[in-house]
There are 2 protein chains.
Amino acid sequence: MTSGDAVKPKAKYHHGDLRETLVQASYDLVAEHGAENFTLADACRLAGVSTAAPYKHFRDRDEVLGLIVKRGFDEMSSLSMAAVEKVGVGTLAGITAMGKAYVRFAVENQRVFRLMFGQHPVLKKEVGVVDEGMGCFSKVIEQVAIYCERNGVRGDPMTIAVRLWTFVHGASSLLIDQDYAAVAPDLDVEAMLEETTPLLLSGPLP
Amino acid sequence: MTSGDAVKPKAKYHHGDLRETLVQASYDLVAEHGAENFTLADACRLAGVSTAAPYKHFRDRDEVLGLIVKRGFDEMSSLSMAAVEKVGVGTLAGITAMGKAYVRFAVENQRVFRLMFGQHPVLKKEVGVVDEGMGCFSKVIEQVAIYCERNGVRGDPMTIAVRLWTFVHGASSLLIDQDYAAVAPDLDVEAMLEETTPLLLSGPLP
DNA sequence: AGGACGAAGTTAGTAACACTAACTTGTGAT
DNA sequence: ATCACAAGTTAGTGTTACTAACTTCGTCCT
């Protein structure tokens, strides 16, 4: 019409910004029911379009899942950085806070987390997924490097960062998969993180 | 034709011991192509029966997957115990060997491992799956308890065992999901385990 | 021996899904 | 205005999980 208001630049072509609508609907469906129960058909019903519509915007189901994974990494990066910046850059407490944020994200976004890690190896081939994950990890290395320098820790920051990541990731996985619940119901994961992070942050033993 | 040979005792009712045949075929298919690409129909084709046949033996697809998971835990338990008994019960080296066996199992049975942990929460409801997993873990606690007593480590063996499990599980997950490869291609996981296990086996810091 | 019975197969059919092909409709540039 | 094409549609294919109703064959009872 008249160029009166360009509120949304070019949000809609035909019926709406279907691409974004479908991605968001798919994210919500995966978050609620898990990727293994996700169907494009459901997303279409949510968006109110026919089941053939997605194929104007995405190659296939896997491309949609890949976009969901990217969103997940994005969110996780933000939360991690927010945590460490709030608590203290390059400090033990800050690094511990990053770990806690990782676990919290995993718990609060269980099903997306499961999709992000290991569910479908084929998703790693989706463009950008790997880079997004690397960006997320590189922030851990940064923090560890600062810590090591400040505290005179001998040992490669990279190696130590991998150790921390490994532990935090293991805790997240076992927690959301109910494996802790089956084996050690009383476990306090936060306490475990606080206890273990300083152990892992030390260099090789004398 | 003639009743010349009764080679297998009573291996077959009608056409064969279909239940076992299907479970084995399904295990092999999952091991090769992953659970997300597994179809009962494929297993039927392998076994040479119609696609309706499985339902005389199993409630549904999930029951078959549950049986595969149980087999996986069984195998993992055996390998862990074999490793620790070979290297040294209740020793640092023995416990490290258990961890290595865990990771090795994960690598060599990637797709079954993924099924065992987290892929389908619904599988935890299959009878026996949780018990099988607990049996596996309890062996780790045993070893840690012996080690702690012998070496005068203060701290709860259970807590320490959980820490070890967490780390080893995280390493397995990140390794088989190619996340290490993306972020730290040169990482030597065995070396990391050897370096980190003693750290985790110590009690709370002074 | 000879049925009866039931376990373990079969074929045939349903509903749902991913994806494709071929058609239609609306939009923006000219 | 019209034209081209992006973005929808309907209709159709092939595959799957699972069900229902039928068949076959071994076992046990007499």
Side-chain angles (χ1 to χ4, degrees), chain A residues 1-26 29-30 33-68 115 119-120 122-123 125-126, chain B residues 1-3 5-26 29-30 33-68 115 119-120 122-123 126:
Chain A
M1 322 239 203
T2 71
S3 54
D5 53 0
V7 179
K8 299 185 182 177
K10 49 164 54 183
K12 27 188 72 181
Y13 249 104
H14 243 179
H15 288 71
D17 187 355
L18 186 53
R19 183 184 166 87
E20 172 58 23
T21 303
L22 280 175
V23 172
Q24 189 58 50
S26 300
L29 284 171
V30 167
H33 302 111
E36 70 275 13
N37 297 119
F38 165 71
T39 66
L40 277 179
D42 280 338
C44 291
R45 279 185 279 273
L46 262 190
V49 294
S50 73
T51 60
Y55 298 93
K56 298 294 170 182
H57 298 277
F58 311 104
R59 187 193 353 107
D60 57 11
R61 187 176 178 274
D62 282 342
E63 185 177 346
V64 178
L65 291 177
L67 293 169
I68 294 172
L115 184 65
Q119 187 103 244
H120 287 285
V122 70
L123 293 186
K125 292 182 182 159
E126 295 297 325
Chain B
M1 285 267 187
T2 69
S3 57
D5 50 2
V7 179
K8 299 184 181 176
K10 52 161 48 181
K12 25 189 75 180
Y13 245 105
H14 245 175
H15 287 73
D17 186 356
L18 187 53
R19 183 182 166 87
E20 173 57 24
T21 303
L22 280 175
V23 172
Q24 190 57 52
S26 300
L29 284 171
V30 168
H33 305 295
E36 70 276 12
N37 298 120
F38 165 71
T39 66
L40 278 179
D42 282 338
C44 290
R45 279 185 279 274
L46 263 190
V49 294
S50 72
T51 60
Y55 299 94
K56 299 294 170 181
H57 298 276
F58 312 104
R59 188 192 352 105
D60 58 10
R61 186 175 178 274
D62 282 341
E63 186 178 344
V64 178
L65 292 178
L67 292 170
I68 294 172
L115 184 64
Q119 186 104 243
H120 288 284
V122 72
L123 293 186
E126 296 296 328

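Sequence lines set the chain letters: A, B, ... in the order given, protein chains first and strands last, and positions in each chain run from 1. These numbers come from a predicted model, not from an experiment.
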- Roughly, in whole Å, what's the span from CG in A:L22 to P in C:dA18? 12 Å
- Task: May I ask you to verify if any side-chain N or O of B:H57 is less than 4.0 angstrom from the OP1 or OP2 atom of C:dG9?
- Result: yes
- Where the side chain of B:D60 meets the backbone of B:E63, is there a donor-acceptor pair that is under 3.5 Å apart? yes
- Message: Distance check needed: C:dC17 C1' versus A:H33 NE2, whole Å only.
- Response: 17 Å
- Query: With respect to the phosphate group of D:dG8, does any side-chain polar atom (N or O) of A:S50 fall under 4.0 Å of OP1 or OP2?
  - Reply: no
- Query: Within the structure shown, what part of the strands sits under 4.0 Å from B:A52 by heavy-atom distance: base, sugar-phosphate, or nothing?
  - Reply: base
- Closest heavy-atom pair and its distance - A:L18, A:H57: CB-NE2, 3.9 Å
- Task: Looking only at side-chain atoms of A:T51, point me to the closest of D:dG8, C:dC19, D:dA17.
- Result: C:dC19
- Message: In this structure, how many angstroms lie between the P atom of C:dC23 and the OH atom of A:Y55, rounded?
- Response: 21 Å
- A:N37 CG to C:dA16 P, in whole Å, measures 15 Å
- Nearest-neighbour nucleotide for the A:L18 side chain, D:dA17, D:dG8, C:dT20 considered: D:dG8
- Task: Show the numbers, then the answer: is there a side-chain contact (heavy atoms from CB on, under 4.5 Å) between A:L67 and A:R19?
- Result: CA-CA 11 Å; A:L67 293 169; A:R19 183 184 166 87; 3.8 Å; yes
- Rounded to the Å, how far apart are B:F58 CZ and C:dG9 P? 10 Å
- Message: Here's a test of your reading of the structure: between B:K56 and B:R61, which maps to the more 5' nucleotide of DNA chain D?
- Response: B:R61
- Closest nucleotide of DNA chain D for B:D62 versus for A:A53: which of these residues is on the 5' side? A:A53
- Options C:dA18, D:dT16, D:dT9, nucleotide nearest the side-chain atoms of A:T39: C:dA18
- Note on the structure: Here the distance between atom P of C:dA18 and atom CG of A:L40, to the nearest Å, is 5 Å
- Note on the structure: Note: A:L115 and A:A35 closest approach over all heavy atoms is CD1-CB, 3.6 Å
- Message: Less than 4.0 angstrom between a side-chain N/O of A:R45 and OP1 or OP2 of C:dC17, yes or no?
- Response: yes
- Query: Looking at A:S26 and A:A43, what are the two nearest heavy atoms and their distance?
  - Reply: OG-CB, 3.6 Å
